[in-house]
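Here is the structure we will look at.
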Amino acid sequence: MNPPKAALKLWSADNRIVLAEQDRFLARDIQRLSGTNLNRCYHCRSCGNACPFIRGMDYPPNAIIRLVQYGLRRQALESHTIWICVGCHTCSVQCPMGIDIAAIMATLRRLALEEGAMIAETNILDFHREVLHSIKQYGRAHKLGIMLRYKARVHQWFADLDVGLRMLAKRKMDLKASRVQAIDEITRLFIPHWKR
Amino acid sequence: MSDPSLHLTDLSYFPGCSLESSARESNISLMEAAGILGLNLIELEDWNCCGSSSANILDKEIAFSLAVRNLSLAPAHRPLMAMCPRCLYHLREAHQRLAREPETLRAQERRWGRPISLDLKIIHFLEVLVRLGPARLHQGLVRNLNGLKFVPYYGCTLFRPPSLRQGTYYQGELGNVLTMLGGEPLTRALTHRCCGSFLSAARADVVTPLVNEILASAVAVGAECLVTSCAMCQLNLEIRCTWDPRLPVFHFSEILALALGAEDYEGWFTRHLVDPRPLLAARKLIA
């Protein structure tokens with residue numbers, strides 16, 4: 001999972017706009033699902049200027065809006081950008097047109113998962129899965145458990161080993177998870193209603 | 001400005017997963033400071049994770065229900081106080097959705113078998129301090145911070161997301177409170193730059209330059225340390241910084257409790273990855 005090389009892939013060959021592949025309803029759908037009006041965007045790039053994570057992204061935030069406006073569904077859903085975005089809302093605050101760009105990113109992530117799109121940042125997704133697993137099991141996030149399971153999943157035992165050991169030495173990671181007593185109230189949330 | 005319906009003696013307290021484990025020093029010092037200020041923090045009985053970024057990304061409905069379970073556990077007659085900005089955000093967002101969607105509120109009340117109050121106040125600790133007023137802080141001041149030069153680091157979440165921006169604005173108060181206790185805030189650093197959040201675990205290569213940038217900005221304005229309102233920021237700023245020498249990063253509650261005369265600070269500061277004790281000793285704040 002290396003960071004994408006080119007900061008802007010908009011002009012590369014595999015991003016040619018094939019008219020027949022355009023999804024004319026994408027912009028409308030994203031607008032309704034995210035509750036923000038992306039037609040107001042005039043591509044001033046304030047969002048990208050402010051974004052702390054721009055270096056890890058393949059498209060700057062306004063280019064994601066452009067992809068949506070052009071109806072380029074696959075490119076938008078398979079971008080690194082939507083997974084690198086942590087939802088810090090810096091772009092939403094900077095946007096002179098008051099577009100909640102973070103909400104657009106969240107909506108695209110949701111669609112990507114629901115539609116089974118190719119996920120560009122599998123490590124990040126794996127991490128989220130482990131956090132949710134911990135919550136399902138204990139009702140709370142157990143950091144050591146999350147990190148161990150995550151490392152096993154991505155086979156990177158030695159990355160960050162020093163940080164992990166220092167955190168253990170400082171007792172920043174508890175061996176035993178803090179648990180919710182009424183755990184069945186939590187686990188029930190994870191079972192579809194017709195199975196309960 | 002004071003809201004007569006808000007009594008600030010008994011407060012429900014939502015610690016959240018970070019303050020329960022990796023940032024326990026923040027939890028302990030918060031309790032200490034609250035005790036000195038005459039606040040009675042009653043931990044929310046059997047609380048669970050607020051929903052977190054991860055649950056919100058993977059399954060919004062599960063995340064929403066997780067947040068609502070906490071709301072259903074909170075007694076309506078006292079405000080629910082959170083220390084972690086992200087928890088505050090998720091709890092408030094869920095509360096706002098319940099107010100918008102009466103059918104969802106009823107469904108959630110049936111799910112948990114407990115009433116959920118739409119009048120419940122969900123507030124951050126900083127807001128509690130501001131409402132208490134400067135007099136109470138002055139009264140409790142034991143150790144003057146002696147002009148300790150700090151950067152008030154808010155991180156990205158406190159007061160920034162749209163759903164937190166409704167109502168009174170408490171931006172800047174972290175610096176104000178500590179100024180009152182004798183500190184010297186340096187606000188021209190990157191005080192609201194995001195720390196990298198969960199990317200710290202999966203994409204450290206993206207987070208490290210970011211954290212270095214934040215710390216470099218603090219060094220550039222002549223700061224001796226950073227004081228942060230968010231437990232996750234504190235951790236990220238400590239573990240992802242590759243700069244030398246490193247600036248200590250304090251939890252806001254630690255500095256507050258220290259100024260208010262707490263004595264068991266040794267246990268908190270030994271849990272830091274960047275030892276803050278030399279700085280505090282040089283400033284004659286600790287022995």
Side-chain angles (χ1 to χ4, degrees), chain A residues 1-3 51-53 55-56 83-84 86-90 92-93 100 102-103 106 109-110 113 121 123-132 134-136 138-144 146-147 150 154 159-160 163 166-167 170-174 177-178 180-183 185-186 188-190, chain B residues 16-18 20-25 45-49 51-63 65-66 69 111-113 155-157 160-162 164-165 190 192-207 209-210 213-214 235 238-240 270-273:
Chain A
M1 272 299 100
N2 287 321
C51 180
F53 304 100
R55 276 170 295 210
W83 293 100
I84 292 287
V86 307
C88 74
H89 291 90
T90 309
S92 309
V93 175
D100 189 353
R109 281 193 294 267
R110 206 181 100 198
L113 290 175
E121 291 281 343
N123 279 14
I124 296 176
L125 181 60
D126 283 342
F127 175 75
H128 291 319
R129 286 197 177 118
E130 292 309 337
V131 175
L132 200 58
S134 178
I135 295 172
K136 181 183 172 191
Y138 307 115
R140 297 174 187 171
H142 176 228
K143 289 202 169 116
L144 182 62
I146 292 169
M147 285 321 286
Y150 167 72
V154 300
D160 274 344
V163 173
R166 269 159 63 214
M167 283 182 66
K170 293 282 180 183
R171 304 201 185 164
K172 289 242 162 207
M173 291 199 285
D174 293 334
S178 163
V180 169
Q181 296 302 312
I183 190 66
E185 287 192 1
I186 305 289
R188 270 171 62 89
L189 292 177
F190 291 80
Chain B
C17 305
S18 280
E20 174 76 9
S21 58
S22 56
R24 197 172 299 121
E25 65 276 15
E45 184 83 29
D46 207 29
W47 57 272
N48 57 269
C49 166
S52 76
S53 303
S54 296
N56 270 285
I57 285 169
L58 294 180
D59 193 324
K60 213 141 181 66
E61 285 307 307
I62 288 182
S65 295
L66 284 168
R69 178 172 181 271
R111 160 174 272 161
W112 303 116
C156 68
T157 301
R160 183 186 266 165
L164 288 190
R165 272 189 275 141
L190 294 171
H192 291 79
R193 191 91 164 155
C194 175
C195 72
S197 182
F198 54 77
L199 286 187
S200 184
R203 285 294 299 271
D205 58 310
V206 176
V207 175
L210 207 65
E213 220 172 77
I214 295 168
L235 186 65
E238 275 199 338
I239 64 173
R240 291 293 167 218
T270 47
R271 291 173 53 88
H272 283 236
L273 290 162

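Below, read A as the first sequence line, B as the second, and so on, with proteins coming before strands; counting in each chain starts at 1. Basis for what follows: all heavy atoms, side chains included, without hydrogens, waters or symmetry-related copies.
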(message) Please rank B/R111, B/E45, B/K60, B/E238 by heavy-atom pairs under 4.5 Å with chain A and give me the top one.
(response) B/R111

(request) Flag the pair A/R171 / B/T270 as yes when at least one side-chain heavy-atom distance between them is below 4.5 Å, and no otherwise. (result) no

(message) Assess the residue pair B/R240 and A/V163 against the criterion (side chain to side chain contact (heavy atoms under 4.5 Å, CB included)); give the C-alpha distance rounded to whole Å, side-chain angles, the decisive distance to 0.1 Å, and a yes or no.
(response) CA-CA 9 Å; B/R240 291 293 167 218; A/V163 173; 4.0 Å; yes

(message) Need one label for A/A141: side chain, backbone, both or neither, based on atoms under 4.5 Å from any heavy atom in chain B.
(response) both

(message) What I'd like to find out is whether the side chain of A/L189 reaches to under 4.5 Å of the side chain of B/E61, using heavy atoms alone.
(response) no

(message) Less than 4.5 Å to any heavy atom of chain B: does that hold for the side chain of A/I186, its backbone, both, or neither?
(response) side chain

(message) Looking at chain B, which one of A/K143, A/H142, A/R129 has the largest number of heavy-atom pairs inside 4.5 Å, strictly under?
(response) A/K143

(request) Heavy atoms only, distances under 4.5 angstrom: which of B/L190, B/V207, B/L58 has the most pairs with chain A? Name it, please. (result) B/L58

(request) Please state whether the side chain, the backbone, both or neither of A/R188 comes within less than 4.5 Å of a heavy atom of chain B. (result) neither

(request) Check for a donor-acceptor pair, side chain of B/N48 on one end and backbone N or O of A/V180 on the other, with a separation under 3.5 Å. (result) no

(message) Using every non-hydrogen atom in the two residues, find where A/A182 and B/D46 come nearest and quote the distance to one decimal.
(response) N-OD2, 3.0 Å

(message) Within this structure, what is the CD1-NZ distance for the pair B/I239 and A/K172, rounded to the nearest 0.5 Å?
(response) 9.5 Å

(request) Flag the one option from B/P209, B/A55, B/C195, B/A201 with the top tally of heavy-atom pairs under 4.5 Å to chain A. (result) B/A201

(message) Out of B/A204, B/G16, B/C17, return the one with the most heavy atom pairs under 4.5 angstrom to chain A.
(response) B/C17

(message) With heavy-atom distances below 4.5 Å as the criterion, would you say the side chains of A/I124 and B/R203 are in contact?
(response) yes

(request) Could you tell me which non-hydrogen atom of A/D160 sits nearest to which non-hydrogen atom of B/S200, and how far apart they are? (result) OD2-O, 4.3 Å

(message) Within a 6.0 Å radius of atom NZ on A/K136, are there more than 12 heavy atoms belonging to other residues, nucleotides or ligands?
(response) no

(message) When you compare the side chain of A/F127 with that of B/L199, does any pair of heavy atoms fall below 4.5 Å?
(response) no

(request) Considering only heavy atoms and a distance below 4.5 Å, find which of A/G139, A/S92, A/C88 pairs most often with chain B. (result) A/C88

(request) Nearest 0.5 Å please: distance from the CZ atom of A/R55 over to the CG atom of B/D205. (result) 11.0 Å

(message) Heavy-atom cut-off 4.5 Å, strictly under: side chain, backbone, both or neither for B/R193 against chain A?
(response) side chain

(request) Let me know if B/E25 has heavy atoms under 4.5 Å from chain A in its side chain, its backbone, both or neither. (result) side chain

(message) Whether the side chain of A/D174 engages the backbone of B/S21 through a donor-acceptor N/O pair (distance < 3.5 Å, no angle test) should be reported.
(response) no

(request) Side-chain contact test, heavy atoms from C-beta onward, threshold under 4.5 Å: evaluate it for B/N56 versus A/H128 and give yes or no. (result) no

(message) What part of A/Y138 gets within 4.5 angstrom of chain B, counting heavy atoms only: side chain, backbone, both, or neither?
(response) neither

(message) I'd like to know if the side chain of A/R140 reaches the main chain of B/W47, judged simply by a donor and an acceptor atom lying under 3.5 Å from each other, with no hydrogens or angles considered.
(response) yes

(request) Measure distances from B/H272 to the heavy atoms of chain A and classify the residue's part below 4.5 Å as side chain, backbone, both or neither. (result) backbone

(message) Please give me the minimum heavy-atom distance between B/L210 and A/P52, naming the atom from each residue.
(response) CD1-O, 3.1 Å

(message) Are B/L235 and A/M167 packed together at the side-chain level, in the sense that at least one heavy-atom pair is separated by less than 4.5 angstrom?
(response) yes

(request) Select, from A/L132, A/V86, A/I84, the one with the greatest count of heavy-atom pairs under 4.5 Å involving chain B. (result) A/V86

